[in-house]
Structure formats: structure tokens, C-alpha cells
Amino acid sequence: MKYDYSNIESKWQKIWEEKETFKAVDDFSKPKFYGLVEFPYPSGAGMHVGHIKAYSGLEVVSRKRRMEGYNVLFPIGFDAFGLPTENSAIKFNVHPRQLTDKNIEKFSSQLKRAGFSFDWDRVIDTTEEDYYKWTQWIFLKMFENGLVFRDTALVNYCPSCKVVLSNEDSQGGKCDICHSDIVQKSKVVWYLRITEYADKLLEGLEKVDYLPNVKTQQVNWIGKSRGAFVDFAVKGTDEKLKIYTTRPDTIFGATFMVIAPEHPIIDNNKDKISNFDEIEKYREECAKKSEFERTQLVKDKTGVCLNGITGINPISGKEIPIYAADYVMMGYGTGAIMAVPAHDDRDYDFAKKFGIDIIEVIKGGDIEKEPYIGEGKMVNSDFLNGYTNKKDAIAKMISVLEEKGVGTGGVQYKMKDWAFNRQRYWGEPIPIIHCDKCGMVPVPYEELPLKLPNVNNFEPGEGGESPLAKIDDYVNCKCPVCGGDAKRETDTMPQWAGSSWYFLRYIDPHNDSFLAAEDKLKYWLPVDWYNGGMEHVTRHMIYSRFWHKFLYDIGVVPCDEPYAKRTAQGLILGPDGEKMSKSKGNVVDPNQVVDEFGADVLRVYILFMGDYGSATPWSDSSVKGCKRFLDRTFDLFEIAKGKGVTPELESAFHKTVKKVTSDIEEMKFNTAIASMMALINKIYEVGHLTTDELKTFVSILCPFAPHISEELWQMLGETELLSVSPWPTYDEAKCKDSTVEIVIQINGKIRDRLEVSAEANAAEVIAIAKASEKIAPLVEGKTVVKELYVPGKLVNIVVK
RNA sequence: GCGGGUAUGGUGAAAUUGGCAAACACGCUAGAUUCAGGUUCUAGUGUCGCAAGACUUGCAGGUUCAAGUCCUGUUACCCGCACCA
């Protein structure tokens with residue numbers, strides 16, 4: 001018999017909705033569990049099977065927690081500001097608000113069809129005024145605390161779309177939207193001073209439970225390095241050239257200096273540099289190079305020597321040439337380096353190309369052939385000669401530098417300050433007013449939210465300014481401080497803004513006087529378990545940890561880390577084993593699967609297909625196997641009626657409950673499902689079962705396939721909802737078998753298998769083994785060197 | 001280049017963390033059943049071999065009574081970062 005999944009699933013979805021089964025209550029006396037999944041961007045394409053996988057993991061955990069008696073907060077929302085919506089708004093000439101509402105509706109109905117146990121009363125939408133009011137509020141608090149600043153920077157600009165693009169949208173030097181070439185353009189950029197929190201973000205990792213690779217990715221992203229800043233005098237000028245190095249110990253090997261082409265020292269000494277024209281020309285060439293070319297042509301070093309000025313090594317006193325080259329970036333360190341070609345790959349390449357001296361200061365390699373990066377005995381280095389330990393040499397050098405007043409120890413981070421603006425319409429307006437007299441003035445808190453004005457045209461303006469710049473009513477305003485004429489900032493916040501604090505709003509989504517009430521924050525925080533994609537563990541997670549730490553510092557939130565635990569799901573690949581994409585035509589539509597097999601089958605299959613954290617290809621035929629499993633489970637109801645249970649089956653039940661209980665905690669959903677399948681197979685073999693056992697079975701199945709489980713629960717005569725009934729317990733004693741099969745090995749090779757009592761001790765089992773027909777002749781006449789017994793598993797007899 | 005990961009039957013994958021390799025599922029083969037069917041059931045299915053048995057976790061070594069698991073080297077692929085001084 002096939003069960004009527006379509007009616008059963010809509011029936012229970014309706015009941016859950018009516019009874020508000022999954023509503024989180026603010027009952028502070030109960031133990032809480034806050035499970036968080038990354039809220040989706042509601043694209044026009046609708047949901048993807050990847051979304052289902054991303055939510056199914058914590059869906060199972062949350063459902064189990066509810067059955068275990070926890071007060072569970074398992075919310076969902078929509079991260080709805082962003083470029084794709086704005087682009088289709090332009091394309092179809094529809095307001096992004098309308099598109100967003102339509103897409104959210106589509107997503108919501110699809111999520112409900114999958115039977116997810118989200119609390120639908122707490123849905124948030126980052127584009128709603130009630131929400132972005134608080135995004136702006138946090139921004140103003142950061143402004144107030146000196147974490148917001150403006151600077152000019154080179155940005156990726158698409159001349160055809162007239163739009164400034166993020167690095168992510170301009171990969172390969174081509175515009176993501178129109179595929180034309182991107183140029184570098186100088187623009188005023190808003191920054192958040194995230195680097196101020198670099199150390200706190202690093203230290204915080206020590207006390208959270210993130211997957212190890214999540215942690216290392218964050219550590220690498222922050223990219224802390226220790227080294228020294230050293231001042232080199234510039235001969236012929238009064239200036240000093242400050243450099244950053246992680247290897248101050250190699251300073252005696254510095255044979256030249258390199259500065260970024262944009263380095264200000266060039267313009268400052270225009271008259272002293274005899275080949276200034278040549279340098280100017282080189283700079284132009286560099287500016288024309290896209291980010292793409294600059295990184296692709298890694299091997300091919302270019303540069304120009306600054307004739308007329310030279311650097312003086314403050315330790316050795318040696319005079320060395322200064323080059324401008326684009327392998328040194330203005331954005332890292334001081335934009336200037338001392339080059340030690342003997343012990344650095346890049347400096348070595350450059351020195352070889354330009355015929356500069358290479359001086360060995362660390363023994364161990366052959367610098368004629370290649371630079372030597374490793375450790376070794378120091379030579380040609382005056383007071384450092386003889387040092388063999390890098391750490392000691394660095395410490396010694398730093399102390400000498402400090403003594404002489406020509407340098408200090410210091411740290412640098414790869415992480416840069418967060419460029420926090422976009423020249424776009426569909427984002428949170430930056431609540432700042434520019435006044436000629438008063439400078440940058442924040443919009444007063446009581447005037448928040450600063451609403452996005454309603455416009456009909458979302459095309460960016462000439463030169464890439466925001467569409468908001470074209471609206472005179474919006475731009476022209478009065479200065480809140482002096483009352484004079486002023487102009488509003490027209491840039492909006494980037495997509496990452498709204499998602500940096502959304503987990504706080506879920507805690508108190510309808511609060512209109514604060515972002516969330518203090519007592520509720522105290523109860524629900526931190527998020528107990530956060531699951532999402534690996535692609536978000538650097539940007540999104542670091543940004544939101546930064547915001548959270550800031551909110552902690554100003555006393556808004558009660559803990560300094562937002563997420564206690566972080567896991568990640570793997571991708572679902574197309575049936576061809578490739579990443580799903582429209583252009584490859586290998587995208588699986590979850591709706592079709594629900595239509596054909598039901599939501600329970602979709603959920604079970606997605607969790608069964610492989611390890612939750614790994615990428616696994618989709619297989620239509622394997623989906624059928626999961627359908628068969630649920631069909632057989634449903635049919636069991638008829639088979640089992642009124643029959644007893646065998647002791648063997650009873651033990652199998654306890655084992656299965658134990659396995660499913662622990663597997664869920666480790667996100668080993670695939671083996672949890674496999675063990676339930678094995679149990680069903682066993683029941684069919686035996687053909688006996690009581691209703692109590694069947695109830696236990698549907699209870700552990702419930703988090704995976706909740707609709708069929710509720711239906712069977714009701715058919716078994718229960719009137720309460722299974723979703724809020726207790727999680728079954730198991731008896732450890734009944735998980736053990738009375739007899740066990742022991743493998744008998746001779747010299748590590750399996751020669752026999754014997755059934756023995758589970759209580760037998762080592763000596764008994766070995767005696768039984770030696771007496772066995774197959775083993776006795778193999779031991780006879782030989783010297784037994786060793787006898788090993790692994791309880792309940794095997795005996796290994798080593799003979800000579 | 002740097003960092004992280006993966007490699008197991010025809011396929012997706014398991015393996016209590018050093019103790020029976022291939023659980024569970026797909027597919028395939030044979031038979032039964034109901035058909036118009038893509039349904040269901042039973043048996044078989046790592047490779048070689050009639051068999052006893054031997055071999056088998058990308059490749060080459062090593063440690064161990066015992067290695068998919070630990071160590072050394074090597075190859076291929078995937079992901080992240082990328083001239084970070």
C-alpha cells in the first residue's frame with residue numbers, strides 16, 4: 001500500500017500552524033535551545049535543494065530538542081536587500097519592494113511545504129523599515145564610537161553599467177552583469193574600522209566550538225603577522241621611509257628597497273628624482289592594470305628605479321637603491337619594504353631581473369639557484385652572526401632597533417577595514433548628513449528609520465553615483481546641528497549589513513522601542529548552534545562577530561561571542577557530479593520532488609545521501625529508495641497490529657534509539673537513517689511488533705519525516721502531537737547481546753568465527769578458540785608467542 | 001605559491017577512531033506476483049577461482065600481533081586565499 005503523502009502532509013502542516021506548535025515562548029524558567037540557520041536571499045528563482053539541505057540539519061536537531069523538553073527558538077527570515085533584486089527591478093521596470101514581497105511569499109510557501117518547524121511569528125525581512133531602523137541605529141552607534149571613517153580608494157568600476165562593483169562581483173576583471181572590462185576608479189569610500197577588533201576576533205575563537213576548518217579560515221582571513229617597523233633614511237632628503245618586515249633578522253641582507261607605485265614619497269621628492277617622467281609612466285601602466293592582471297602576472301616582476309634618491313640601512317649603514325614596483329601594495333603594511341633577495345621569493349625574482357646583489361645571511365640553501373626561506377646559521381650579519389634560531393635573532397634585532405630609535409616591533413593584519421557603502425538603491429540608506437559648516441552629522445536617533453524614498457527609476461547615475469543622488473527632495477535637507485542647508489549621503493549600505501545582527505532581532509522581532517529587550521537577549525543568547533555554508537565563514541561570520549563584539553562593548557548584548565557552535569553543510573551537486581547551475585542544466589527543483597514523492601521523502605533523502613558536511617551528487621533513483629523506506633514503514637502498521645515482540649527485536653530497538661540519539665548530535669544523519677532502515681528490515685524478517693515499539697519507532701523518525709510520523713502516531717491512538725511528545729529513552733543493558741561473535745585470527749589472518757557468551761573472560765575465550773576445529777591444527781606444534789583478546793571482538797594468536 | 005580537504009565495489013557511501021572492510025541505499029542478475037505499467041516480494045551481487053582459498057581502501061614504503069584509520073614520500077582532484085613583505 002502506498003501512503004497518501006500529499007493529503008497527510010498538508011493535513012499536519014495545517015494542524016501545526018493552527019496549534020502554533022513551533023512557537024518559541026519567552027518562558028525564562030525553561031532550558032533553551034537557539035538553533036540558527038543562515039537566512040536565505042529571496043531570489044526570483046525560488047528555493048534550491050541546497051536550501052533544504054542547509055536547513056534540514058538543525059531542523060532535525062531542533063525537533064529533537066523540542067521532544068527533549070527544551071524551549072526551542074528555530075527562526076527563519078529573509079536577507080532581502082541586494083543587487084540581483086535591484087537588477088531585475090531595472091530589467092522589468094518593477095519596484096524592488098514588489099519583487100521582494102513576491103519572492104518572500106514564494107520562499108515562505110516552499111519552506112512550509114517542506115514541513116520545517118520554523119517559528120513563523122518571528123519572520124524578519126531586512127528590507128522592512130522596522131528592521132533596518134536598527135541596522136542604521138547600530139551604524140550610528142559605531143559612528144559615535146569612532147568606528148566609521150571615510151577615505152578615497154581605488155574601486156572596481158564598470159563603465160558600461162556605470163556601477164561600482166565589489167571584488168566578488170568583478171572576478172576575472174570582468175563585470176559580473178554585462179561582462180565588459182572593469183577599470184579602477186578613485187572614489188570616496190565609507191569604512192568600518194573592523195581592524196580595531198582584529199585581536200578580539202582572533203582571541204574569541206579560542207572559546208567557541210567551531211569546526212576546525214572554520215576556525216583556520218577565520219584565522220587566515222584575519223592574517224595576523226608579527227614583525228617590525230624600521231625607518232630607513234632617504235639620502236638627499238629629510239624624509240624617512242618606514243617599512244614593515246616579518247624578518248628584521250635578515251636586515252643585513254637587504255640590498256634594495258621597494259615601494260608601491262602610489263607611495264607618497266615619490267611626489268614629495270619630485271624635484272630630486274631625475275627620472276620622474278619614467279616613474280610617472282610606470283604608474284600609469286599600473287593603474288591601467290586590473291586587479292586581475294596584477295595578480296595573474298605574479299611571476300613577471302616589473303618596476304622602476306628611483307634615480308636620485310637612495311635608502312640608508314639604519315643598522316648596517318649601507319646605501320641601497322629604491323625601486324617603485326607593483327608587487328608591493330599600498331594597502332598592506334606601510335607600502336614599502338626592504339628587499340632581501342637571498343631569503344624571499346619575490347625579492348629574489350626582482351633582483352635577478354634587475355641585476356641587484358644577493359647577499360646570503362642565513363646558511364642552509366644554495367642562493368645561486370633559489371632563495372632560502374628556512375632557518376639556519378646566520379652569517380654576514382655583524383652582531384647576529386652565529387644565531388641559529390630565527391625567533392632569538394628577531395628578538396635581538398628588535399631590541400637593537402628600539403635601542404637605536406630606528407624601529408619597533410609590531411603587528412600587521414591581512415584583514416582590511418570594511419568598505420561599507422554601495423552606489424545602489426536597494427540597501428539601507430546611510431544615515432549621515434553632510435553640512436558645509438558642521439561636517440558629517442548623524443541623522444538624529446529619533447528620526448530613524450531614515451526611509452528609502454520611493455522612486456521609479458533605479459538606474460545608477462552618470463559616473464556611478466547612487467540612484468538616490470537624483471532625488472532632490474531626498475538629497476537636500478537641513479543640518480540637524482546648525483539648521484543650515486545640507487546634503488544627505490546618498491550611498492547605501494552593502495548586502496552584508498542586514499545579516500550582521502539578524503539573529504538578535506529574532507529574539508524580539510516586534511519590539512518597537514529597542515532592537516531587542518535586555519531580558520530576552522540574556523535568556524536566548526548566545527546562539528547555541530549555527531549552521532550554514534562554508535562560503536560564509538569568513539565574510540559574514542567575521543562581520544557579524546565584529547558587530548556583536550561592538551554591541552557587547554557598548555552594553556547592548558550580554559555576551560561577547562554570538563555563536564557558541566558553528567557547523568557547515570556540504571553542497572548538493574548535480575546528478576553529473578558538477579556544481580548545480582542553470583547553464584549546465586543540472587539543477588534539481590525541490591518542488592518537483594515534493595510533488596512526486598512528498599516532503600518527508602525529500603528530507604530523508606537529502607540527509608541520507610551522504611555525509612552532511614560533504615558535497616554529494618544528487619541521484620533520482622536513490623530518492624526512490626527513501627520512498628520505499630517510508631512506504632514500508634507505513635505498511636508496518638498493518639503487519640504489527642496486536643503482535644508481541646521478540647527479545648532479539650527488543651534489543652535491536654534499544655540499539656537503534658541509542659544510535660539515532662547520538663548520531664543526530666554529531667550530524668551523522670545518514671547513518672541514523674540507515675540504522676532505522678535496518679530496523680525496519682529486521683521487523684519485516686521477524687514479523688512481530690507491539691504498538692509500543694511502533695510508537696518508539698515513529699518518535700525517532702519524527703525529526704526526519706515528521707508528517708508520516710504524526711500520522712502513524714495518531715493511528716496508534718495518540719491524541720497529543722508527536723512533535724511535542726517526549727523523546728524515547730533506551731536501556732543501556734538491553735543494547736547488549738547475550739552472545740557475541742568473535743573473530744579468531746592466527747598471525748593477524750582471520751581463520752575462524754565463534755559465537756561466545758558476552759560475559760566470557762579473556763582466558764575462556766582464548767581456550768575456546770584454541771579448541772576449535774579450524775584453529776587447533778594451526779597452533780599445534782608451534783610456539784605461541786602472544787595471545788591477544790579484544791573484548792567482544794577478536795582473538796589474535798601469534799605463533800612461530 | 002600558501003592554507004584546508006578528499007581519494008574505499010558498477011554508483012552514493014559506512015566502518016564504534018588502531019581490532020570482522022564494504023553497514024544502509026541505488027543499480028544489476030535470476031525467480032515469483034499483479035498488471036497496461038515505472039508496483040511488490042524472494043535469492044544473489046568487491047575481484048580472481050569449479051572449489052579450498054587468495055587478493056582488495058589512489059600509488060610506494062614504514063610502524064604494529066593487527067592499518068581504510070598512525071608515520072614518511074608520491075600522484076590526482078576539490079575548496080579557500082593569493083605578489084600580505
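Just so we're on the same page: letters track the sequence lines, and every chain starts at 1.
The side chain of A/Arg751 places an N or O atom within less than 4.0 Å of a non-bridging phosphate oxygen (OP1 or OP2) of B/A54. Taking 4.0 angstrom as the limit, A/Tyr332 places a side-chain polar atom (N or O) nearer than this to OP1 or OP2 of B/A85.
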Nucleotides 62-66 of chain B: which of its N/O atoms have a protein N/O under 3.5 Å away?
residue, atom, partner, partner atom, Å
B/C65, O2', A/Asn796, ND2, 3.2
B/C65, O2, A/Asn796, ND2, 2.5

Listed pairs, N/O of protein and of nucleotides 3-6 of chain B, under 3.5 Å:
residue, atom, partner, partner atom, Å
B/G3, O2', A/Asn220, ND2, 3.0

Could you go over nucleotides 24-29 of chain B and give all protein N or O partners under 3.5 Å, atom names and distances?
residue, atom, partner, partner atom, Å
B/A25, OP1, A/Asn681, ND2, 2.9
B/C26, OP1, A/Arg628, NH1, 3.2
B/C26, O2', A/Ser621, OG, 2.7

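Between the CG atom of A/Asp663 and the C1' atom of B/A23 there is a distance of 12 Å, given to the nearest Å. Taking atom CD1 of residue A/Ile750 and atom C1' of nucleotide B/A22, one finds them 13 Å apart after rounding to whole Å. Here the P atom of nucleotide B/G12 and the CD1 atom of A/Ile606 are 18 Å apart, to the nearest Å. Nucleotide B/C41 holds its C1' atom 14 Å from the CG atom of A/Asp631, rounded to whole Å. Remark: P of B/G12 and CG of A/Leu607 are 19 Å apart, rounded to the nearest angstrom. In this structure, A/Asp576 atom CG and B/G12 atom P are separated by 13 Å, rounded to whole Å.
Across all strands shown, B/U74 pairs with B/G58; the Watson-Crick or G-U wobble distances both stay below 3.5 Å. With a cut-off of 3.5 Å on both pairing distances, the Watson-Crick or G-U wobble partner of B/C26 is B/G10. As the counterpart of B/G31, B/C41 is assigned, both hydrogen-bonding distances of the Watson-Crick or G-U wobble pattern falling under 3.5 Å.
Aromatic ring orientation, A/Tyr5 versus A/Tyr3: perpendicular (interplanar angle above 60°, classes split at 30° and 60°).
When heavy atoms are screened at a 4.0 angstrom cut-off, A/Asp611 is found touching the sugar-phosphate backbone but no base atom. At a threshold of 4.0 angstrom between heavy atoms, the contacts of A/Ala339 with the nucleic acid are absent. In this structure, A/Lys658 reaches neither bases nor backbone, as no heavy-atom distance under 4.0 Å exists between it and the strands shown.
Distance check on atom P: B/A15 versus B/C20 gives 13 Å, rounded to whole Å. On the P atoms, B/C48 is 35 Å away from B/U64, given to the nearest whole Å. Comparing the C1' positions of B/A14 and B/G68 gives an interatomic distance of 11 Å, to the nearest angstrom. Spacing of P atoms, B/U11 relative to B/U47, comes out at 11 Å, to the nearest Å. B/G4 and B/U72 have their P atoms separated by 13 Å, with the value rounded to a whole Å. If you take atom P in B/C59 and the same atom in B/G9, they sit 9 Å apart, rounded to whole Å. When the P atom is compared between B/G3 and B/U8, the two are found 25 Å apart, to the nearest whole Å.
A cation-pi arrangement is present between A/Lys301 and A/Tyr327, with the terminal nitrogen or guanidinium carbon under 6.0 Å from the aromatic centre and inside a 45° cone about the axis. Figure legend: A/Arg603 and A/Phe704 shown without cation-pi pairing, the cationic atom not lying both under 6.0 angstrom from the six-membered ring centre and within 45 degrees of its axis.
Taking syn as a glycosidic angle within 90° of 0, B/G9 qualifies as syn. Glycosidic conformation at B/U75 (O4'-C1'-N9-C4 for purines, O4'-C1'-N1-C2 for pyrimidines): anti, more than 90° from 0.
Residues A/Tyr332 and A/Ser225 have side chains that bring a donor and an acceptor to within less than 3.5 angstrom of each other. For the residue pair A/Gln569/A/Asn531, the side-chain donor-acceptor check at 3.5 Å is satisfied.
You'll find the ring centres of A/Trp418 and A/Tyr191 outside the 6.0 Å limit. A ring-centre distance under 6.0 Å is not found for A/Phe608 and A/Phe669.
The shortest heavy-atom contact between A/Ala672 and A/Val660 is O-CG2, 3.8 Å. Across A/Asp231 and A/Lys242, no two heavy atoms sit closer than the pair OD1-NZ, 3.3 Å.
A donor-acceptor contact under 3.5 Å is formed by the side chain of A/Lys301 with the base of B/C83.
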Could you go through A/Gln218 and A/Arg545, starting from their C-alpha distance and side-chain angles, then the distance that decides it, and tell me whether this counts as side chain to side chain donor-acceptor pair (under 3.5 Å)? CA-CA 11 Å; A/Gln218 294 201 5; A/Arg545 288 181 59 224; 2.7 Å; yes
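Residue order along RNA chain B, read from the 5' end via each residue's closest nucleotide, puts A/Ala615 first among A/Lys414 and A/Ala615. Take the nearest nucleotide of RNA chain B for A/Tyr413 and for A/Lys668: the residue whose nucleotide is more 5' is A/Lys668.
Here the nucleotide nearest the side chain of A/Val790, chosen from B/A13, B/A21, B/G19, is B/G19. Residue A/Lys749 has its side chain nearest to B/C55 when only B/G19, B/C83, B/C55 are considered.
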